[in-house]
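One structure below.
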Amino acid sequence: MERRTLLKALLLAPLARQAHAAPPKTMKGVEELEKNWKSFLPSGASVPSPSEPVKLSKDEWKKKLPAESFHVMREEGTERAGTSPLNDEKRSGIFACAGCGLPVFTSEMKFESGTGWPSFFTTIPGVFETKKDFHLIYPRTEYHFIRCGGHHGHLFDDGPPPTGKRYCNNGVALRFIPKDGSKA
């Protein structure tokens with residue numbers, strides 16, 4: 001990622017969040033959203049278990065994923081800001097891992113961060129593991145999907161209340177499943 005793009009995103013993020021964020025006002029509301037995430041699935045949808053690991057070789061992942069998704073998810077890359085159509089996705093539904101299909105966020109967990117990446121203030125419980133990332137000057141918290149190990153993005157403490165969290169997700173690591181069952 002270019003330093004200029006990162007600096008612009010960091011400077012504009014607080015302004016955009018103030019204008020567009022509409023998360024629940026209390027932690028109890030966030031907990032209800034986390035608990036009732038399945039209500040955002042299309043009727044009859046089946047969901048894999050997070051405890052069913054997906055382990056593929058590098059060559060198998062290369063065949064399964066588009067090149068940019070492979071770079072982000074398997075090589076801890078970052079897509080260019082503002083390039084993901086999921087950043088503008090406003091329909092009700094579920095965001096699932098592009099690698100293994102397990103749901104990770106609902107549409108109600110998403111907010112406009114102004115950074116150019118899909119951003120979320122909480123997750124479906126138990127889907128990510130975190131680790132420190134030292135690729136830039138300062139350490140960041142990177143998160144990976146618990147089921148397939150795919151890199152999704154970075155977690156920041158500058159999100160909207162009440163969580164104060166911003167899961168800054170690469171759009172190529174996600175696929176959107178509309179609640180109404182229409183085409184994504």
Side-chain angles (χ1 to χ4, degrees), residues 1-2 5-6 8-10 12-13 15-17 19-24 30 33-34 37-42 45 47-48 50 54 61 64-125 127-128 130 133 140-156 158-160 163 165-184:
M1 173 190 342
E2 291 183 22
T5 303
L6 176 64
K8 279 196 314 193
L10 291 173
L12 294 174
L15 298 174
R17 273 193 300 282
H20 300 288
V30 171
L33 186 57
E34 292 170 347
W37 67 267
K38 288 185 179 179
S39 67
F40 290 87
L41 285 168
V47 177
V54 174
W61 280 118
K64 180 178 174 77
L65 297 170
E68 189 175 13
S69 296
F70 178 83
H71 173 65
V72 167
M73 296 180 73
R74 308 317 303 175
E75 299 175 328
E76 299 179 348
T78 300
E79 71 184 341
R80 280 188 8 257
T83 60
S84 175
L86 293 181
N87 201 37
D88 296 322
E89 181 59 64
K90 307 283 189 240
R91 294 176 290 172
S92 182
I94 292 283
F95 293 87
C97 176
C100 65
L102 192 64
V104 290
F105 305 107
T106 71
S107 53
E108 291 296 314
M109 295 171 176
K110 187 173 183 274
F111 72 99
E112 178 54 57
S113 67
T115 62
W117 289 279
S119 297
F120 305 85
F121 59 84
T122 191
T123 72
I124 293 170
V127 296
F128 290 122
T130 61
D133 165 353
R140 300 179 296 172
T141 302
E142 182 177 286
Y143 57 95
H144 289 252
F145 202 59
I146 197 165
R147 186 164 185 247
C148 67
H151 166 74
H152 273 247
H154 292 88
L155 175 59
F156 300 97
D158 61 359
T163 65
K165 301 292 183 197
R166 175 172 54 98
Y167 288 83
C168 188
N169 214 98
N170 288 284
V172 296
L174 297 170
R175 66 182 174 91
F176 182 70
I177 304 166
K179 181 178 180 172
D180 66 9
S182 64
K183 196 163 187 141

Check your understanding: Under 3.5 Å, is there a donor-acceptor pair between the side chain of Ser107 and the main chain of Gly93?
Key -> yes
Exercise for review: Decide side chain to side chain contact (heavy atoms under 4.5 Å, CB included) for Trp37 and Thr123; before the verdict, give the C-alpha distance in whole Å, the side-chain angles of both, and the deciding distance to 0.1 Å.
Suggested key: CA-CA 9 Å; Trp37 67 267; Thr123 72; over 6 Å; no
Check your understanding: Any idea which heavy atoms bring Pro24 and Phe121 closest together, and the distance?
Key -> CD-CZ, 3.4 Å
Review point. Closest approach of Pro118 and Glu79, non-hydrogen atoms and distance?
Key: CD-OE2, 4.5 Å
Practice item. Mind running side chain to side chain contact (heavy atoms under 4.5 Å, CB included) on Ser69 and Arg74 for me, showing each step along the way? Key: CA-CA 8 Å; Ser69 296; Arg74 308 317 303 175; over 6 Å; no
Practice item. Evaluate side chain to side chain contact (heavy atoms under 4.5 Å, CB included) for Leu33 paired with Met109, printing each intermediate quantity in order. Key: CA-CA 8 Å; Leu33 186 57; Met109 295 171 176; 3.7 Å; yes
Review point. Do the side chains of Phe40 and Glu108 get nearer than 4.5 Å, heavy atoms only?
Key: yes
Practice item. Give the ring-plane orientation class for Tyr167 versus Phe128, where under 30° counts as parallel, over 60° as perpendicular and anything between as tilted. Key: parallel
Check your understanding: Does His151 have any ring pair (Phe, Tyr, Trp, His ring centres under 6.0 Å) partners at least two apart in sequence or in another chain, and if so, which?
Key -> His144, His154
Exercise for review: Of all the heavy-atom pairs spanning Ala98 and Val172, show the shortest one and how long it is.
Suggested key: CB-O, 3.7 Å
**Study point:** Cationic N near anionic O, under 4.0 Å, Glu89 to Arg91
**Key:** yes
Review point. Just wondering, do Cys168 and His152 contact through their side chains at under 4.5 Å, heavy atoms?
Key: no
Check your understanding: Does the Lys110 side chain pair with the main chain of Phe105, one donor and one acceptor, at a distance under 3.5 Å?
Key -> no
Check your understanding: Is a donor on one side and an acceptor on the other found under 3.5 Å between the side chain of Arg166 and the backbone of Ser119?
Key -> no
Review point. Judged by atom type as modelled, is there a donor-acceptor pair below 3.5 Å linking the side chain of Asp180 to the main-chain atoms of Ser182?
Key: yes
Point to revise | Residue pair Ala96 / Gly101: nearest heavy atoms and the distance that separates them | key: CB-O, 3.5 Å
Point to revise | Gap between atom NZ of Lys38 and atom OG1 of Thr106 - 0.5 Å precision | key: 14.0 Å
Point to revise | Heavy-atom side-chain contact between Ile177 and Pro42 under 4.5 Å | key: yes
Practice item. Verify side chain to side chain contact (heavy atoms under 4.5 Å, CB included) between Val72 and Thr78, making sure each step is shown before the conclusion. Key: CA-CA 5 Å; Val72 167; Thr78 300; 5.7 Å; no
**Study point:** Heavy-atom side-chain contact between Thr115 and Phe156 under 4.5 Å
**Key:** no
Practice item. Quick one: closest heavy-atom pair of Asn87 and Glu112, and the distance? Key: O-OE1, 4.2 Å
**Study point:** Flag, side chain of Glu75 to backbone of Gly77, donor-acceptor distance under 3.5 Å
**Key:** no
Practice item. Please tell me if the side chains of Val54 and Trp61 come closer than 4.5 Å, counting only heavy atoms from C-beta onward. Key: yes
Review point. So how far is it from Leu102 CG to Ile124 CD1, rounded to the nearest 0.5 Å?
Key: 7.5 Å
Check your understanding: Side-chain contact, heavy-atom cut-off 4.5 Å: Asn169 with Tyr143?
Key -> yes
Exercise for review: Report yes if the side chains of Ile94 and Lys179 come closer than 4.5 Å at any heavy-atom pair, otherwise no.
Suggested key: no
**Study point:** Set of side chain to side chain donor-acceptor pair (under 3.5 Å) partners for Glu68, sequence neighbours left out
**Key:** none
Review point. Side chains of Glu34 and Thr122: is there a donor and an acceptor less than 3.5 Å apart?
Key: yes
Check your understanding: So which heavy atom on Ser84 is nearest to which on Gly171, and how close?
Key -> OG-CA, 3.3 Å
Exercise for review: Answer whether the closest heavy-atom distance between the side chains of Leu86 and Trp117 falls below 4.5 Å.
Suggested key: no
Exercise for review: With sequence neighbours left out, write down each residue that passes ring pair (Phe, Tyr, Trp, His ring centres under 6.0 Å) with Phe176, or none if nothing qualifies.
Suggested key: Phe95
